[in-house]
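Would you mind keeping the following structure in view while I ask a few things?
The figures that follow rest on heavy atoms only: side chains count, while hydrogens, waters and symmetry mates do not. No experiment lies behind these values; they were computed from the predicted model shown.
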Amino acid sequence: MTESESRPPRRPTPRASWDGLEGSPDPAERSALAHETAAVVVRLGRDEDDEELTARLVTLADEVGLEALADLWRDASPDSLPGTLWALYLLRTWVQRSGAEAARVYAAGRTWAEVSDAVAGVAEPPGPEEMARLGDAVLTSVFDGDLAVALERAAAFSRVVGAGRLALADDADEHGDDLEAARQTRLASGNVKLSDQLTQAARLWRAGTLR
C-alpha cells in the first residue's frame, strides 16, 4: 500500500448551500442554517487535529467569499455562535485588507488602553504584518486552542482600536476636520460594542451556552 493509499481522505471545508439563502428565505430556516453551519465549522476544527484543515478554516472567508459568510451569519444574534464567528471573520478580513490603517488606529489607542493592549498581544511594533498575524492567530485558536481566550483577545484588540479611533477623533477635531472626527467617533462606538459582545461570547462559551 502506498503512502497516498494509507492516508485517510482529507475532509473538505464545509460549504453551505448558498442557493438556499436567495429570495429572502423564512427567518426561522435562515436562523437554523446559521446555527447549523457555525456549529459544523467549529466542531470540525476542534475535533480534527489537522493543521492543514485549521489553516483552511482560518481562511474560509477567502475561499468562499466574505459575502457568502455574511449571507449565512451576519444577521445572527451577536451573542450566538454564528454571530460570533461572523465578527471574527470580519475582523480578520479588515486587518488583512487594511493592515496599514488597522496598525495606525491600533497604535493610536495603545496608551489609552494598556491592559487591553497586553491582552491582545500584538507583536512589536504594531505594523500591517502584525495586524494580519493577530487576525490569523485569533481564528486559529478558535479551532485548536482555548476559544474563550481567543474571543477575549479579539475583544481586547477591538477595545484598543476603539480607543485609537477616539484619539484620532480628538486630533481631527483639533484640526477642524469635523467629518473625520464624526466618522472616527462613530466607528469607535462600533469597536467598543464589538468588544463587549466578544467578551460576553467568551463568558457564554465557558458556561457552555454559546450556541
* Asked: Would L166 and V160 show up in the same hydrophobic cluster when neighbours are defined by side-chain heavy atoms closer than 4.5 Å?
  ->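 No.
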
* List the atom of P78, the atom of T84, and the distance in Å for their closest heavy-atom pair. =>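 Reported closest heavy-atom pair: O-OG1, 3.6 Å.
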
* Do L53 and V64 share a hydrophobic cluster, counting only Ile, Leu, Val, Met, Phe, Trp and Tyr and linking them when any side-chain heavy atoms are less than 4.5 Å apart? ->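 Cluster IDs for L53 and V64 match.
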
* Asked: Are E124 and R110 close enough for a salt bridge, meaning some N to O gap below 4.0 Å?
  ->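 Yes, charged N to carboxylate O under 4.0 Å.
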
* Would you say L90 and W94 are hydrophobically clustered, going by side-chain heavy atoms of ILVMFWY under 4.5 Å? ->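 Same cluster.
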
* To do: Measure the spacing between CG of L33 and CH2 of W73 and express it to the nearest 0.5 Å.
  =>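 Going from the CG atom of L33 to the CH2 atom of W73 covers 10.0 Å.
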
* Hey, what do you get for CZ (R183) to CZ (R186), rounding to the nearest 0.5 Å? ->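 Those atoms lie 7.5 Å apart.
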
* Asked: Can R30 and D75 be counted as an ion pair, charged N to O under 4.0 angstrom?
  ->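 Yes, R30 and D75 are salt-bridged.
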
* Mind checking the OG1-CG spacing from T59 to D136? Nearest 0.5 Å is all I need. =>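 Reported to 0.5 Å precision, the distance equals 8.5 Å.
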
* For residues R153 and A137, report the shortest heavy-atom separation together with the two atoms involved. =>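 Scanning both residues completely, I find the closest heavy atoms to be NH1-CB, 3.6 Å.
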
* Apply side-chain contact (heavy atoms from CB on, under 4.5 Å) to E67 and list each qualifying residue two or more places apart in sequence or on a separate chain. =>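 Scan of E67 (side-chain contact (heavy atoms from CB on, under 4.5 Å), adjacent residues dropped) gives A70, R74.
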
* Consider only side-chain heavy atoms of I, L, V, M, F, W and Y, link residues closer than 4.5 Å, and tell whether V192 and L151 are in one cluster. =>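 Unlinked, V192 and L151 end up in two clusters.
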
* Asked: Counting heavy atoms not belonging to E101, are there more than 12 under 6.0 Å from its CD?
  ->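 More than 12 within 6.0 Å, yes.
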
* Asked: Any idea which heavy atoms bring A103 and P126 closest together, and the distance?
  ->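 Closest approach of A103 to P126, heavy atoms only: CB-O, 3.2 Å.
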
* Asked: Counting distance only, does the side-chain N/O of R46 pair as donor-acceptor with the main-chain N or O of G145 below 3.5 Å?
  ->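 Confirmed, R46 side chain pairs with G145 backbone.
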
* Asked: Are the charged groups of R43 and E48 less than 4.0 angstrom apart, N to O?
  ->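 No, no charged N to carboxylate O under 4.0 Å.
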
* **L204 side chain reached by R211 side chain, heavy atoms, under 4.5 Å** =>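 Not in contact.
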
* With distance as the sole test, does S80 use its side chain to make a donor-acceptor pair with the main-chain N or O of S77 at under 3.5 Å? ->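 Judged by distance alone, yes, a pair lies under 3.5 Å.
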
* Nearest heavy atoms of A120 and A156, plus distance in Å ->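 Heavy atoms of A120 and A156 come nearest at N-CB, 3.8 Å.
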
* State whether the side chain of S189 and the backbone N or O of T185 hold a donor-acceptor pair below 3.5 Å, judged by distance alone. =>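 No; zero donor-acceptor contacts below 3.5 Å.
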
* To do: Test V42 against every option in T37, L57, L81 by the side-chain contact (heavy atoms from CB on, under 4.5 Å) rule and name the one that passes.
  =>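 Among T37, L57, L81, the one that satisfies the side-chain contact (heavy atoms from CB on, under 4.5 Å) with V42 is L81.
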
* Nearest 0.5 Å, what's the CG-CD distance between L210 and Q200? ->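 Answer for the CG-CD pair, L210 versus Q200, is 9.5 Å.
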
* Asked: If you measure from CG on D170 to CZ on R165, what distance do you get to the nearest 0.5 Å?
  ->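 Spacing of CG (D170) from CZ (R165) equals 14.0 Å.
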
* Asked: Restricting to pairs with a member in residues 189-211, which pass ring-ring contact (aromatic ring centres under 6.0 Å, His included), not counting sequence neighbours?
  ->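 Residue pairs passing ring-ring contact (aromatic ring centres under 6.0 Å, His included), neighbours aside: none found.
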
* From T54 atom OG1 to D49 atom CG, the distance as rounded to the nearest 0.5 Å ->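 Here the rounded value is 7.5 Å.
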
* To do: Answer yes or no: is there an ion pair linking D62 with R92, defined by an N-O contact shorter than 4.0 Å?
  =>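 Yes, charged N to carboxylate O under 4.0 Å.
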
* Taking only residues at least two apart or on different chains, which pairs with a member in residues 38-62 satisfy ring-ring contact (aromatic ring centres under 6.0 Å, His included)? ->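 Listed by first then second residue: nothing to list.
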
* Asked: With T93, which of L88, L69, L66 fulfils side-chain contact (heavy atoms from CB on, under 4.5 Å)?
  ->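 Among L88, L69, L66, the one meeting side-chain contact (heavy atoms from CB on, under 4.5 Å) with T93 is L66.
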
* Name all residues meeting the side-chain contact (heavy atoms from CB on, under 4.5 Å) criterion together with S31; count only those two or more places apart in sequence or in a different chain, and write none if there are none. =>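 S31 satisfies side-chain contact (heavy atoms from CB on, under 4.5 Å) with H35 only.
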
* ring-ring contact (aromatic ring centres under 6.0 Å, His included) partners of residues 104-133, not counting sequence neighbours, each pair once ->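 As it turns out, the ring-ring contact (aromatic ring centres under 6.0 Å, His included) pairs with a partner in residues 104-133, which skip direct neighbours, are Y106-F157.
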
* Asked: With hydrophobic residues grouped by side-chain heavy-atom distances under 4.5 Å, do V95 and V119 end up in a single group?
  ->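 No, separate clusters.
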
* To do: Identify the heavy atoms of E152 and A202 that sit nearest to each other, and give their distance.
  =>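 Heavy-atom minimum between the residues: CG-CB, 3.7 Å.
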
* **Over all atoms of both residues, closest heavy-atom pair of G162 and A188** =>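 Scanning both residues, the minimum pair turns out to be O-CB, 3.5 Å.
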
* Sort out for me which residue in V41, L44, D50 forms a side-chain contact (heavy atoms from CB on, under 4.5 Å) with F143. =>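 Only match with F143 under side-chain contact (heavy atoms from CB on, under 4.5 Å): V41.
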
* Does some side-chain heavy atom of V149 sit less than 4.5 Å from a side-chain heavy atom of R206? ->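 Answer yes - side chains close enough.
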
* Residue list, side-chain contact (heavy atoms from CB on, under 4.5 Å) with S195, at least two apart or on another chain ->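 Expected list: A155, S158, R159, T199.
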
* Asked: Going by heavy atoms in the side chains, are T209 and R203 under 4.5 Å from each other?
  ->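 When only atoms from C-beta onward are counted, R203 and T209 do not touch, as no gap falls below 4.5 Å.
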
